[in-house]
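Note sheet for the following structure.
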Amino acid sequence: MAHADRTPRALAVRAAAGCLNYGDLVSRAGAVAGLLRGRGVVAESPVGVCLPRSPELVAALLGVLWAGAVAVPLDPAAARMRLRLQAADAELVTVLATATTTECVASVGVPVTLVDAAPAPATVPPPDWCAERAAVLVHSAGVEEEPRPVVVTHGNLAGLVDWLADGWPADIFDAVRIDAPLDGHVALCQLLAPLAVGGTVLVDGPPHGGDAVGRPHSGAAGDDASGGGGAGVPSVRIGPPAPDGEAVALLLTGGPLTAVPAPTACWSAWSAAEVGGPALATACLGEDARALGEPRPDTTVHVLDEALRPVPVGTVGRLHLGGGAVTRGYHGQPSLTAERYLPDPFTATPGRRMVATDDLVRRDADGVLRWVGRVDECPRRDGEPIPPVEAQAALRRHPGVADAAVVCSPAGELVAAAVPVPGAGTTVDGLWSHLTGSLPARLRPDRVALLDALPLLPSGKVNRRALLGAVTRAERTPATQVERTSDRAEPVLAAERTVAQAWTAVLGRPVEADRNFFDAGGDSLLMIRLSGVLRRAFDRDVDVVDLFRLPTIRDMAAHLAPPVAVASGSTPTGPTAAERQARARQDARRQVGRARGAGRDS
């Protein structure tokens with residue numbers, strides 16, 4: 001509002017279909033606040049916001065905060081089942097929508113309020129910015145399990161806004177595009193950064209899951225700040241690493257940078273939903289990609305052992321964050337909140353908490369905090385965590401490797417996959433020799449395989465589950481053998497066609513045979529529906545637990561296909577379906593029970 005008072009005609013939001021200056025933005029936000037107050041919305045009432053990327057989206061989010069309610073962004077591009085789950089989890093009292101998004105929220109079971117019908121701004125009392133009051137509900141990334149709703153308070157937002165406005169070079173956030181999923185903390189940062197400095201929020205162009213960017217800020221004269229469309233305004237990127245050739249200003253990550261583009265200015269920031277966005281930041285240094293940088297002024301950093309004691313310099317410990325960045329906790333999940341949000345023994349302020357992250361870090365003798373790995377990705381050998389990034393970096397230094405990834409299997413093995421440079425003649429034996437000469441035995445992976453490409457999540461991160469499955473399949477196939485459709489048994493091919501048809505019926509579109517169900521837009525409830533479709537198609541019992549452990553069309557088909565007779569004297573390759581099922585059942589049931597926190601809060 002301060003920017004609206006000082007520069008009411010400055011451009012606040014730009015879209016291809018139109019723009020809003022700061023005066024108009026505050027006016028529309030006030031109209032939304034008045035509309036909600038008229039509907040009986042009171043302090044901390046959770047209000048869904050399901051609007052397309054548009055000036056109305058920005059005004060609606062600010063209007064919810066003005067009304068004293070809690071903004072719950074809902075991404076219209078998300079699966080309908082996910083929207084229903086998020087609405088139920090947040091216990092929404094209403095959902096703000098437009099005529100174009102009413103269909104998205106028609107089945108969530110919550111009254112819809114059309115912002116198109118917002119009247120002219122009435123006299124709405126100024127918002128009560130109580131620091132402890134809930135402001136926004138964002139969702140964690142949900143890489144390995146369903147996203148968790150995190151309650152961000154006005155105090156959290158104030159600390160983030162102050163840091164964005166005062167802790168960065170002048171004009172760096174003059175124009176920032178919102179292109180991340182709307183229900184996450186990255187989009188929240190994309191929205192707040194330009195508004196904190198009186199800049200412009202760019203909402204034109206389709207969302208790309210955080211992959212679309214504009215040019216880095218250059219301050220060049222002659223840039224048109226008033227035009228629509230995608231050209232004219234120099235912009236910076238806030239989000240995960242972008243594809244090669246695209247500019248980046250601020251990378252929000254949960255670990256080290258694997259590749260840093262060459263923009264005008266680039267910083268790396270460690271971020272998480274539990275602290276409402278970025279909390280540690282540093283200038284990107286290619287030779288020190290694991291440096292996490294310094295915390296925000298309102299945030300404290302602790303590297304602790306399992307007994308919550310500070311570890312010595314150079315020793316690996318778990319990253320804990322305290323101070324004003326710590327959010328209220330997980331909405332509707334008190335036991336999980338108590339597990340991750342702990343009393344802070346390092347502050348004199350009563351009632352302060354710190355959040356235990358999923359990251360292992362080490363503060364070295366030079367004072368720099370460096371990322372080691374995630375807690376669940378680092379197996380322990382002789383009591384010490386083994387970071388996969390060491391073996392991963394060694395593989396990437398091999399001249400015949402185009403890309404590589406190393407992950408930890410459920411059994412505690414380090415599993416490596418390398419993508420060979422075409423024509424380089426890279427072999428697994430050659431990689432083993434390279435690793436032996438590059439790393440001590442304790443840091444070497446247990447398994448190595450060559451893959452045509454690394455399986456990725458929509459965010460661009462490596463899909464751990466899919467990679468483990470791809471490595472297992474590669475190990476069963478000789479390196480010189482190329483699988484041909486004619487080599488595979490007809491019952492398996494027929495089963496693949498049937499499973500593919502079932503996926504299409506459930507997901508609404510065809511999917512590749514090796515694509516992970518959850519990466520293709522599926523979730524736990526859609527998986528349950530898929531089990532019913534497959535049960536009818538194959539006329540046999542289909543345990544949803546097995547489907548969680550066999551998440552691709554090819555794996556499901558191999559499990560459901562009629563058994564193929566084995567020639568006399570030969571032995572089947574790999575474990576049978578029954579053996580896979582027996583080994584996987586315990587872990588699979590844990591995954592199913594963990595969905596939506598059932599295993600923790602039931």
Side-chain angles (χ1 to χ4, degrees), residues 3 11-22 24-25 28-29 32 48-65 71-78 96-98 100-101 104 115 135-139 141 152 157 160-161 164 172-217 225 228-242 246-252 269 271 273 276-278 458-460:
H3 294 301
L11 185 63
V13 187
R14 191 199 71 183
C19 304
L20 283 180
N21 60 35
Y22 273 88
D24 292 337
L25 177 61
R28 292 201 187 184
V32 172
V49 181
C50 188
L51 277 72
R53 286 169 170 78
S54 62
E56 287 72 25
L57 168 66
V58 181
L61 289 170
L62 295 179
V64 174
L65 299 182
V72 185
L74 302 173
D75 197 335
L96 294 177
T98 66
T100 60
T101 60
C104 300
V115 295
V136 182
L137 200 69
V138 298
H139 286 78
V152 182
L157 294 183
L160 177 58
V161 167
L164 291 170
I172 191 65
F173 297 135
D174 273 359
V176 177
R177 190 180 308 280
I178 298 183
D179 55 16
L182 296 175
D183 56 359
H185 64 275
V186 176
L188 182 64
C189 187
Q190 292 174 337
L191 171 70
L192 293 178
L195 296 181
V197 299
T200 302
V201 180
L202 307 179
V203 294
D204 53 332
H208 294 285
D211 287 336
V213 299
R215 294 182 290 129
H217 179 74
V233 179
S235 64
V236 304
R237 172 182 175 74
I238 296 177
E246 292 189 323
V248 178
L250 176 61
L251 296 169
L252 299 186
S271 67
S459 64

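All values below come from the heavy atoms of this structure, side chains included, with hydrogens, waters and symmetry mates left out.
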Any side-chain heavy-atom pair of Val203 and Pro52 under 4.5 Å = no
Return the minimal non-hydrogen interatomic distance between Ala59 and Arg28, and the atom names on each side.
-> CB-CB, 3.8 Å
Looking only at heavy atoms, which two atoms of Leu202 and Ala175 are closest? And how far apart?
-> CD1-CB, 4.2 Å
Sub-4.5 Å side-chain heavy-atom contact between Leu25 and Leu195 | yes
Identify the two heavy atoms, one from His185 and one from Ser271, that lie closest to each other, and give their separation to 0.1 Å.
-> NE2-OG, 3.3 Å
Test log, rule side-chain contact (heavy atoms from CB on, under 4.5 Å), inputs Cys189 and Val176 | CA-CA 10 Å; Cys189 187; Val176 177; over 6 Å; no
Got Thr200 and Cys19 here, is their nearest side-chain heavy-atom distance under 4.5 Å?
-> no
Please say which of Thr100, Leu182, Leu51, Leu57 ends up in a side chain to side chain contact (heavy atoms under 4.5 Å, CB included) with Pro76.
-> Leu182
Could you tell me which non-hydrogen atom of Val161 sits nearest to which non-hydrogen atom of Ala196, and how far apart they are?
-> CG1-CB, 3.7 Å
Would you indicate whether the side-chain heavy atoms of Val186 and Pro181 approach each other to under 4.5 Å?
-> no
Tightest non-hydrogen contact, residues Pro55 and Leu20, listed as CB-CD1, 3.5 Å
Within the side chain of Arg53, is there an N or O that forms a donor-acceptor pair under 3.5 Å with the backbone of Ile178?
-> yes
Can you spot which of Val136, Leu96, Val49 makes a side chain to side chain contact (heavy atoms under 4.5 Å, CB included) with Leu61?
-> Val49
Looking only at heavy atoms, what is the nearest atom pair of Leu62 and Ala29, with distance?
-> CB-CB, 3.9 Å
Is there side-chain contact between Val201 and Leu191, with heavy atoms separated by less than 4.5 Å?
-> yes
